[in-house]
Number of protein chains: 2
Amino acid sequence: MGEKVIPDIVVGRLPIYLRALQRMHEENRKVTSSQELGERLGISAAQIRKDLSQFGEFGKQGTGYSIEYLAEQINQILKVDRVWDIAVIGAGDIGSAVARYQGFANRGLRVAMIFDSDPSKVGTQVGTFTVQDSRNVEEVIREAGIQIAMIATPSQTAQSVAEQLINAGVKAILNYAPINLTVPDEVRVQYIDPVIHLQRMTYYL
Amino acid sequence: MGEKVIPDIVVGRLPIYLRALQRMHEENRKVTSSQELGERLGISAAQIRKDLSQFGEFGKQGTGYSIEYLAEQINQILKVDRVWDIAVIGAGDIGSAVARYQGFANRGLRVAMIFDSDPSKVGTQVGTFTVQDSRNVEEVIREAGIQIAMIATPSQTAQSVAEQLINAGVKAILNYAPINLTVPDEVRVQYIDPVIHLQRMTYYL
DNA sequence: TAGATTGTTAATCGATTAACAATC
DNA sequence: TAGATTGTTAATCGATTAACAATC
């Protein structure tokens, strides 16, 4: 009894596979193989087959995988066969860029609202959104039933914003503030900090 | 003979440790322990000690680590005890946000120039920079001796931009375009795509 | 059919954790 | 001294790879 637990590291590779498949689909490709996918992504073919086999049998011996079918399946596995609304907190450079970002389309995600605490920003337009007052974050997000948020505030306020979001029912946070958040176990956090990524590379220069 | 090779995954955690240490330093803290650091970061104390021990002995039995000293040491290891110039390619929302980002300060990095191929953007100001013409990417970057670049162009042009950068001597690329780049072994690439991070979490919703 | 490629098992490799002597 | 914490070794755990029967 009980579902098989999929390693986090495997789940983490699925979006990468999915992105490559969608790109192949745009190129009007119909089928691919674990080998081709692996070469594109710098991942071994065996690993790709092993990862996918955790979720089912999606390929055909001798021919490989239907790009469209496999993409559909991964969409379902990742639950991005629907569209999730996202709240953005912070309408500075990063928050604004993210709110205007075109890259969410067809990938199961959509920015739905943006907040800022600066009275001079509240009420202004960012892309297609009117900046809302941060004081209403909890109420508005709870009301909308939103489960995903991005934090693009200064570091000092990120933790308290996270707590408000969690109170409002948010279960997944993408944090652009360069600080570690403390959250309950049932809440997921991912971090984006360009400096972290860059410092991983300066070591090798 | 030959240097001990440090696992990539260990190098990848150093910037995380460094960021936490710098924050503690700002809080005027003087010493910390592997246990405290681990609790803050959600990493086991044993792992932190093991990681650090790959590079030397930085702590004191009974008392732990001097925050300032350990931060200095990691700065040196990651080669961010100096300031690296970065070129940004693409002056759209993301490129502009990154060029104006204040978070590079004191972390060994600095944006030095930004390029765009759109004639209506060339010559305009983005933060403190004048947007340069993408046609000159190779020449200008080579001339400046820049080794680090961020790609913030549309997906379609990202691969060819990467090739120009590599021709110009760039060895580390942070790619914001949602596409995998093919590069020679000696060039490092890191990816930032908010959708990838978000899709890692939707699985658990 | 011959060739290609999957899904899966077993072997290998590598990373994490537990435990503890050393010592501040 | 007693308590705390490091650096390191050995044990454990988990992830990756190699290999191949099955089969399209």
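Since we're looking at a predicted model, the values are computed, not measured. Per chain, numbering begins at 1; letters A, B, ... match sequence-line order.
- Closest to the side chain of A:Arg13, from the set D:dG7, C:dT16, D:dT16, is D:dT16.
- The CD-C1' distance, from B:Gln54 to C:dG14, rounds to 12 Å in whole Å.
- Closest approach to the B:Arg49 side chain among C:dT8, D:dT6, C:dA18 is made by D:dT6 (side chain taken as heavy atoms from C-beta onward).
- Put simply, CZ on A:Phe58 is 17 Å from P on D:dC24, counting in whole angstrom units.
- Phosphate proximity of C:dG7 to A:Tyr65: present, with a side-chain N or O under 4.0 Å from OP1 or OP2.
- Considering only the side chain of A:Ile9, D:dT16 comes nearest among C:dG7, D:dT16, C:dC20.
- Of the residues near DNA chain C, B:Gln61 and B:Ser44, the one whose nearest nucleotide (by heavy atom distance) lies more toward the 5' end is B:Ser44.
- In this structure, B:Arg49 contributes its side chain and B:Gly59 its backbone to no donor-acceptor pair below 3.5 Å.
- Comparing atom distances between the B:Ser33 side chain and each of D:dT6, D:dT17, C:dA18 picks out D:dT6 as nearest.
- With D:dT6, C:dT6, C:dT16 as the candidates, the nucleotide lying closest to the side chain of B:Gln47 is C:dT16.
- A side-chain donor-acceptor contact under 3.5 Å links A:Asn175 to the backbone of A:Ile179.
- Taking atom CG on A:Asp8 and atom C1' on D:dC13, their separation rounds to 16 Å, with Å as the unit.
- Positionally, the nearest nucleotide of DNA chain D for B:Gly64 lies more toward the 5' end than for the other of A:Ile43 and B:Gly64.
- Separation of atoms CZ (B:Arg200) and OG1 (B:Thr202) is listed at 11.0 Å; rounding is to 0.5 Å.
- In this structure, C:dA11 and D:dT16 make a Watson-Crick or G-U wobble pair, each of the two defining distances being under 3.5 angstrom.
- A:Ile6 places its CD1 atom 14 Å from the C1' atom of D:dG14, with the value rounded to the nearest Å.
- For the pair B:Asp116 (side chain) and B:Ala91 (backbone), a donor-acceptor distance under 3.5 Å is present.
- In this structure, A:Gln35 atom CD and D:dT17 atom C1' are separated by 15 Å, rounded to whole Å.
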**Request:** Before giving the answer on side chain to side chain contact (heavy atoms under 4.5 Å, CB included), spell out for B:Gln22 and B:Asn106 the whole-Å C-alpha distance, their side-chain angles and the decisive distance to 0.1 Å.
**Result:** CA-CA 9 Å; B:Gln22 287 176 335; B:Asn106 301 314; 5.8 Å; no
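- Atoms CG (B:Leu70) and P (D:dT5) sit 15 Å apart, rounded to a whole Å.
- Applying the Watson-Crick and G-U wobble criteria (two distances, each under 3.5 Å), D:dA21 pairs with C:dT6.
- The nucleotide whose nearest atom lies closest to any side-chain atom of A:Glu57 is, among D:dA15, D:dG7, C:dT8, C:dT8.
- Atom-to-atom, CG of A:Leu52 to P of C:dT8 comes out at 11 Å; the value is rounded to the nearest Å.
- To the nearest angstrom, P of D:dT16 lies 12 Å from CD1 of A:Ile48.
- Comparing D:dG7, C:dT16, C:dG7 against the side chain of B:Lys50 picks out C:dT16 as the nearest.
- At the phosphate of D:dT5, neither OP1 nor OP2 sits under 4.0 Å from any side-chain N or O atom of B:Thr63.
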**Request:** With side chain to side chain contact (heavy atoms under 4.5 Å, CB included) as the test, would you mind laying out the steps for A:Leu198 and B:Trp84 before giving the verdict?
**Result:** CA-CA 10 Å; A:Leu198 291 164; B:Trp84 297 91; over 6 Å; no
